[in-house]
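Numbered from 1 within each chain, the chains take letters A, B, ... in sequence-line order.
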Amino acid sequence: MDWADELAASVSGPQVVNDSKTPSGTVHVGSLRGPVVHDAIWRALRDRGTPARFLYGVDDLDAMDAASLLTPDAVDRYMGVPLADVPAPPGSDAPNYARHFVGQLFFPTFERLGIRPEFYWMSEVYRSGALDVLIRRALDRADVVRDIYRRVSRVEKPSGWLPIQPICENCGRVGTTIATDWDGETVRYQCLPDLVKWATGCGHNGRLSPFGGRAALPWNLDWAAKWSHFGITIEGCGKDLATAGGSRDRSDAIARDVFEREPPSNVAYEFLNVGGRKMSTSRGTGAAAHTIAEVVPPEQLRFLFLRPRPNQAIEFNPDGTDAIPRLFDEFDRIADATAGREVRGELPPHPERLFELSLVDPDADVPAEAAAFRPAFGHLSLLVQVPGVDVAEQMAAEKGSPLTAAEQTLLAGRIAAVRRWLETYAPESARYAVMDDLPAEAARLGEDQRLFLGALALRVDEGTPHAGAEWQAAIFAVATSAGLPAGRAFGALYLAFLGRTNGPRAGWLLASLDPGFVARRLREAAGWRPAEAVPAGDGR
RNA sequence: GGGCCGUUAGCUCAGCGGUAGAGCCGCCGACUUUUAAUCGGCUGGUCCCGGGUUCGAAUCCCGGACGGCCCUCCA
């Protein structure tokens, strides 16, 4: 967890950390890396006493470019219109689409993760006139801008092209306009039907003053303008932007050569890949992203992003794997190390720091948090599947003392996460189900185990145990008198009822089933003969 | 063609200049009640390849191979 602190140590003077996002599309889990990384940097600065602000910009003057987010009849009307000017979806009381989206997704998600930047809205910044001086400079130096595009990215802009996107006075679109002829006060612009594929301009021609929110700067200039306007000193970006000759290089050059200001320190961060592929809503690989945030609680989610260095890609493939349980286990291991408990394996450089920055509350009592009792995810996942088990009581017993209020909250959160996991990503091997018919796997029962099952059936005939503990005692008693090790006895029960060799606590499992069913299954399994089992392959 | 990242035990990964590590899996053993329990032990690795720097390299440098994502538009 050195990287954030190293960065914080390498700067001097007051700092302004910034991140921003266009409020459209789906926020998949991977796109939370930026906010988490910037939050960690801000916390690192704060913790070493550096005066620092943490800003988050909502680029709501950007054009709506995702038809899938609009009702069909609204597509023609609003594609290409600034998000701040698109109406909120039906049923929302937000004043516009951007506000609706941010209110629905950004605010709750950020809050959940303990990320609390100062939000600003670019539509307001533009409309306040605060950027006018920068817009003027960009237009005055349009040739420099064109040269930067050419030099840095080998992109040739049409002659006469100006770095400004007027908002069409006729149709309100910003994504379809092109401007020329800057006379020092106004530009001439055209709203073109075929400038971009995804939106259709109205064909309007006109002149306007590009100030006061009547026009927006194109992406790379907009970025650099923010740096100047807010005095931003640190801003990372995804590696797609940080590629050589890419967006970041262009914006850096614009900051230096047009706005005459050194660009902020960059932290290029890698993507989060699912199954070796970039998360992508359009390709469906990120479809489960929303669920990931529901299954992985905020601390573990922060941990997921903070554990590796920003420039390392994160491979996270929760579907049908033990990735989520392992994430919890690793988090718990770091918590243990922080609490001073002995842990196995290698530890990252400053485990206690990693743990601290993973906590939602930046002012949390770290030693107390680290010392809290954290039941293992995998263990809970089985307990939760046993009907009638009081998990909280069980955990108190395992801990050896009553759970504190904080531990109870933690437990409740984990149980919820476990349940969601079992419903969504968990591999079949993590789930258990009592088979309606004798499982084929019962063929693997040994003679000693069948004898045990038969003996247990006889024991049940004398009186069905009532509760889990009573069942558990009966199982042990019968196993002992049959001279069978407990492990073989339990294994027999799991094979007979679940078709697998392990499972949740057997006593409680049997107690939850119909006594008649249990008795029948015991006899059936006891009488099972290998010869009647699964046909022995094709012999070849 | 360019950028970044990765390549370490069967699997997932840590270690990132000083005698190869963890978890899971597998195997052996202990355990009469936390049974995916827990605890011991074992098996298992030319640390992608080739050069170089160094007393010493998985770790640094150069070159290469393979894999992933990105570099067009939009933001």
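- The side chain of A:Phe476 sits closest to B:U33 out of B:G2, B:A75, B:U33.
- Within the nucleic acid shown, A:Glu270 comes within 4.0 Å of at least one base atom, counting heavy atoms only.
- Pairing for B:G29 is with B:C39, a Watson-Crick or G-U wobble pair whose two hydrogen-bonding atom distances lie under 3.5 Å.
- In summary, the aromatic rings of A:Phe110 and A:Phe119 are positioned with their centroids under 6.0 Å apart.
- Of the candidate nucleotides B:G6, B:A75, B:C70, B:C70 has the atom nearest to the side chain of A:Asp240.
- Distance noted for atom C1' between B:C48 and B:G67: 11 Å (whole Å).
- Between the CZ atom of A:Arg333 and the P atom of B:U12 there is a distance of 18 Å, given to the nearest Å.
- Side chain A:Lys239 to base B:C69: a donor-acceptor pair is found below 3.5 Å.
- Side-chain rings of A:Tyr269 and A:Trp3 stay apart, their centers remaining 6.0 Å or farther from each other.
- In this structure, the CG atom of A:Leu61 is 16 Å from the P atom of B:C74, given to the nearest Å.
- Distance from the side chain of A:Arg309 is smallest to B:C16 among B:G3, B:C16, B:C74.
- As a whole-Å value, the separation of A:Tyr494 OH from B:A37 P is 9 Å.
- The interatomic distance linking A:Asp329 (CG) with B:A14 (P) rounds to 16 Å, in whole Å.
- Nucleic acid contact class of A:Ile475 (heavy atoms, under 4.0 Å, all strands): none.
- Here A:Trp198 lies in heavy-atom contact (under 4.0 Å) with sugar-phosphate atoms only.
- Across all strands shown, B:U7 pairs with B:A65; the Watson-Crick or G-U wobble distances both stay below 3.5 Å.
- Using a 4.0 Å heavy-atom cutoff across all strands shown, A:Asp59 reaches no nucleic acid atom at all.
- The pairing partner recorded for B:A57 is none, the criterion being a Watson-Crick or G-U wobble arrangement whose two distances lie under 3.5 angstrom.
- One interatomic measurement links the two molecules: CZ of A:Phe271 to C1' of B:C71, which rounds to 11 Å at whole-angstrom precision.
- With 3.5 Å as the limit, one finds no donor-acceptor pair spanning the side chains of A:Trp421 and A:Ser381.
- Between the CG atom of A:Leu327 and the P atom of B:C13 there is a distance of 13 Å, given to the nearest Å.
- For B:G1, the paired nucleotide is B:C71, the pair qualifying as Watson-Crick or G-U wobble because both relevant distances are below 3.5 Å.
- Look at CZ on A:Arg307: it is 10 Å from C1' on B:G15, rounded to the nearest Å.
- Heavy atoms of A:Ser247 sit under 4.0 angstrom from at least one base atom.
- When ring centroids are compared, A:Tyr78 and A:Tyr97 stay outside the 6.0 Å threshold.
- A:Phe331 and A:Phe355 have their aromatic ring centers within a separation under 6.0 angstrom.
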